[in-house]
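Note on naming: letters A, B, ... go to the chains in the order of the sequence lines (proteins, then strands), and numbering restarts at 1 for each one.
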Amino acid sequence: MRMAHLFGRTLREAPGDVELPSHRLMLRSGMVRPLGAGIYSLLPLGFRTVTKVEQIIREEINAIGGQEMMMPVVHPADVWRESGRYDAVGSEMTRFKDRGDRDMVLAMTHEEVVADLARQEINSYRQLPQLVYHIQTKWRDEPRARGGLIRVREFTMKDSYSLDLDEAGLDVQYRNHWRAYERIFRRCGLGFVVVGADTGMMGGSASHEFMALSDYGEDIVLICPNGDYAANQEVALFRREAAGTEAPRPMAEVETPNTTTIQKLAEYLEIPVAKTAKAVFFIGESGAFIFAVIRGDMDVNETKLRKATGERTLTPATAEQIKAIGAEPGYGSPVGVRNCVVVADESVRDTPNLVAGANKVGYHYVDTNLGRDWQADVVADIASAVAEMPCPHCGAALTAERAIEVGNIFKLGSRYSAMFGATYLDADGQSKPILMGSYGIGSGRVTATIVEQHHDDKGIIWPASVAPYHVSLVSIFTESDPAPAQACDRLYDEMLAAGIEVLYDDRAERAGVKFNDADLIGCPVRLSVSARTLANGQAEIKARTSPEAIFVPLDEAIPTVRRMIAEAMAPLNGDPIS
RNA sequence: CGGGGAGUAGCGCAGCCCGGUUAGCGCGCAGCGUUCGGGACGCUGAGGCCGGAGGUUCGAAUCCUCUCUCCCCGACCA
């Protein structure tokens with residue numbers, strides 16, 4: 001491609017309000033342009049890169065038996081009613097009516113369509129297993145799009161769906177995807193960890209997320225330094241200390257003025273925060289008042305609390321609602337409250353003699369004990385794991401890292417097939433539900449995440465596997481001496497003929513402009529020819545990752561470039577790095 | 001949805017508090033000349049109903065009301 005004709009120009013300055021490196025660099029390099037909040041056009045350079053990411057995905061999913069297909073973006077609401085998600089999903093799903101006044105939706109995902117197809121196409125165990133996938137536009141009206149291409153409303157996603165006879169078959173597909181995803185992200189040059197995750201709105205029995213570590217990630221993952229454990233903070237476990245052995249002391253009320261926070265209370269009583277009980281109040285979707293109690297040094301994990309209570313959503317309770325159950329904001333404790341579901345974290349059960357609120361302003365109880373002074377309806381793990389907590393397997397201190405979710409895999413089981421009547425007849429003539437799995441990768445998000453992990457202060461440093469072009473060919477010439485441009489024209493033609501992907505900067509720009517743009521766009525190899533190199537019959541070659549350039553005779557330029565590309569590609573073959 | 005910030009030329013910004021000639025600056029863009037290996041210089045020029053609608057006023061980019069959009073933090077979220 002000749003840059004003089006390339007649609008989309010580089011920008012010296014990015015709009016002032018962009019924050020993420022990937023967003024700024026993709027804007028500046030002319031890869032993407034915004035159309036609205038969370039809605040982007042891919043310019044030719046960006047489209048080429050995303051297409052390469054998608055091709056890698058395609059190859060690896062094909063390799064595990066995937067059959068590519070295409071499912072619609074617009075769905076009749078009926079299929080979403082059939083799964084129950086038409087009502088379960090909120091305004092994140094865009095609904096509208098067609099001209100015949102029929103309810104329609106813009107697809108956020110395609111489990112419903114696959115389940116509908118499965119019940120039409122699959123009758124017999126002889127037809128299973130199956131794996132289908134598509135790379136399709138999705139629309140999710142996120143409450144808040146952010147971070148350039150990391151979190152958008154319209155995006156392209158590869159999602160595959162497995163259909164199986166039984167759990168063993170589903171296991172195989174799940175593990176196949178796990179391996180395929182590892183290969184995909186390695187081929188893209190992404191550093192990532194696989195973590196256990198919450199199944200969220202998808203439902204189902206198991207889920208893992210592929211997380212790319214990044215300072216700008218929206219998720220937090222906890223990782224054992226020994227490699228024994230990694231999990232999204234939403235579900236992360238940690239090893240609990242042994243139960244305290246201190247003998248219970250009688251509960252007593254003490255005056256504690258102006259101690260509405262755990263911190264102030266601990267300071268006032270001169271005790272560690274771990275000797276206090278913290279009360280957190282929610283209203284569940286069912287309307288039940290959820291009274292969560294946890295030791296003062298820990299925080300309630302809402303995902304775990306939802307699971308422990310069976311509530312799908314939790315909203316913070318208001319002061320009036322808190323008083324209505326006999327508690328007092330700032331001085332709340334489970335001692336003597338009514339009409340609520342008390343959920344105690346294991347830490348509260350295992351730590352004797354905690355200081356808890358007295359449910360009246362300015363007073364706390366000291367030496368409260370679960371089971372004696374108050375009862376819990378549920379005792380469960382509802383604590384958030386944080387850095388430094390012990391690994392649940394080996395006890396080593398966990399680290400916490402921010403990460404971007406670039407892919408996920410779900411075992412859906414019969415969640416959808418049962419509701420859709422997607423069944424098959426087994427060898428004994430028994431009708432059984434097809435077991436499903438779903439597996440997603442956002443190709444735009446992967447691309448942006450690659451930029452997050454591969455850039456410097458000058459621009460993007462593309463892994464060769466996904467670079468829009470492998471070579472930036474830079475001609476440095478003046479009107480009075482067009483010889484370098486003519487030499488570059490020849491090199492360009494030869495590279496095209498040799499099948500080398502080359503972006504030829506043939507513009508009448510000064511050297512500095514061209515070098516800076518080449519660094520910004522970030523192709524792995526830069527080949528330049530100027531009057532100076534030509535005087536020695538040479539071309540200059542520089543890897544984007546290297547500060548040093550080398551000079552080679554003109555006729556060795558293309559073989560050298562080819563070798564450098566091959567070297568840059570070699571580690572990106574998808575195999576584990578030993 | 002809550003909190004904060006911003007909409008003035010393609011991009012980055014000033015002007016607004018304290019209303020008053022043709023609304024500025026840098027970059028970019030077009031032409032000419034000089035220059036030519038890390039974002040050159042000079043001259044000339046094009047480009048803006050100051051986000052939109054109402055209002056106050058002799059007069060509004062500037063003051064008031066409403067509204068739309070974008071960004072950031074939070075809530076939310078495969």
Side-chain angles (χ1 to χ4, degrees), chain A residues 8-20 23-24 27-28 30 33-39 85 89-93 107-111 138 140-148 150-153 155 157-159 197-204 207-211 216 218-219 232 234 282 302-303 306 312-316 404-412 437-442 445 458-459 474-482 484-485 505 507-520 526 528-535 539-540 542 547 549 551:
Chain A
R9 309 192 73 77
T10 57
L11 306 176
R12 187 175 294 196
E13 295 170 291
D17 49 23
V18 314
E19 305 243 319
L20 291 197
H23 191 195
R24 194 179 63 246
L27 241 25
R28 283 193 55 211
R33 292 291 181 257
L35 182 62
I39 308 175
R85 286 159 119 190
V89 177
S91 48
E92 188 181 346
M93 182 159 71
M108 315 182 11
T109 175
H110 288 79
E111 281 77 16
K138 316 256 165 161
R140 290 185 193 174
D141 196 356
E142 297 286 347
R144 185 177 151 222
R146 70 186 93 185
I150 301 289
R151 184 171 203 77
V152 290
R153 295 194 293 169
F155 57 101
M157 177 171 228
K158 182 290 298 179
D159 45 332
D198 180 40
T199 50
M201 78 164 196
M202 305 295 295
S207 163
H208 284 84
E209 293 171 337
F210 288 71
M211 309 295 287
Y216 294 95
E218 298 186 288
D219 287 289
N232 194 312
E234 288 182 341
F282 296 95
E302 289 190 33
T303 304
R306 274 203 301 273
R312 287 169 38 89
T313 62
L314 294 171
T315 44
I404 298 166
E405 181 191 348
V406 287
N408 57 38
I409 54 179
F410 283 93
K411 281 188 188 176
L412 300 173
S438 80
Y439 317 85
I441 295 180
R445 181 183 282 190
K458 288 186 168 301
V474 178
S475 62
I476 297 158
F477 66 98
T478 63
E479 221 170 298
S480 58
D481 179 14
D505 195 345
R507 299 173 301 172
E509 290 286 353
R510 297 167 64 86
V513 172
K514 292 187 173 190
F515 287 147
N516 280 311
D517 274 349
D519 287 343
L520 177 60
R526 189 185 78 195
S528 35
V529 175
S530 66
R532 196 190 287 177
T533 66
L534 223 44
E540 179 199 288
K542 180 182 167 301
F551 294 86

* To do: Give the rounded distance in Å between these two atoms: CG of A/L11 and P of B/C27.
  => 16 Å
In whole Å, measure the gap between the [atom1] atoms of [N] and [M] for me.
N: B/G51; M: B/G31; atom1: C1'; answer: 33 Å
N: B/C11; M: B/G28; atom1: P; answer: 15 Å
N: B/A23; M: B/A30; atom1: C1'; answer: 23 Å
N: B/C18; M: B/U22; atom1: C1'; answer: 23 Å
N: B/G52; M: B/G7; atom1: P; answer: 13 Å
N: B/G2; M: B/U67; atom1: P; answer: 12 Å
N: B/U65; M: B/U44; atom1: C1'; answer: 46 Å
N: B/U34; M: B/G15; atom1: P; answer: 41 Å

Looking at every strand, decide which applies to [X] at a 4.0 Å heavy-atom threshold: base, sugar-phosphate, or nothing.
X: A/D481; answer: nothing
X: A/F155; answer: base
X: A/R526; answer: base
X: A/D519; answer: base
X: A/A531; answer: nothing
X: A/T533; answer: base
X: A/R9; answer: nothing
X: A/E234; answer: nothing
X: A/E19; answer: sugar-phosphate

* With the side chain of A/E509 defined as its heavy atoms from C-beta on, choose the nearest nucleotide among B/G38, B/G39, B/C29. =>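 Of the candidates, B/C29 comes closest.
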* Selection from B/G39, B/A75, B/C11 that lies nearest to any side-chain heavy atom of A/E13 ->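 The answer is B/C11.
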* Structure fact -> When every non-hydrogen atom of A/R85 is compared with those of A/E111, the smallest separation belongs to NH1-OE1, 3.3 Å
* Can a side chain N or O of A/R12 be found less than 4.0 Å away from OP1 or OP2 on B/G28? ->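 Yes.
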* Structure fact -> Test side chain to side chain contact (heavy atoms under 4.5 Å, CB included), reference A/E405, set A/D219, A/I441, A/N232, output is A/D219
* CZ (A/R33) with more than 12 external heavy atoms under 6.0 Å -> yes
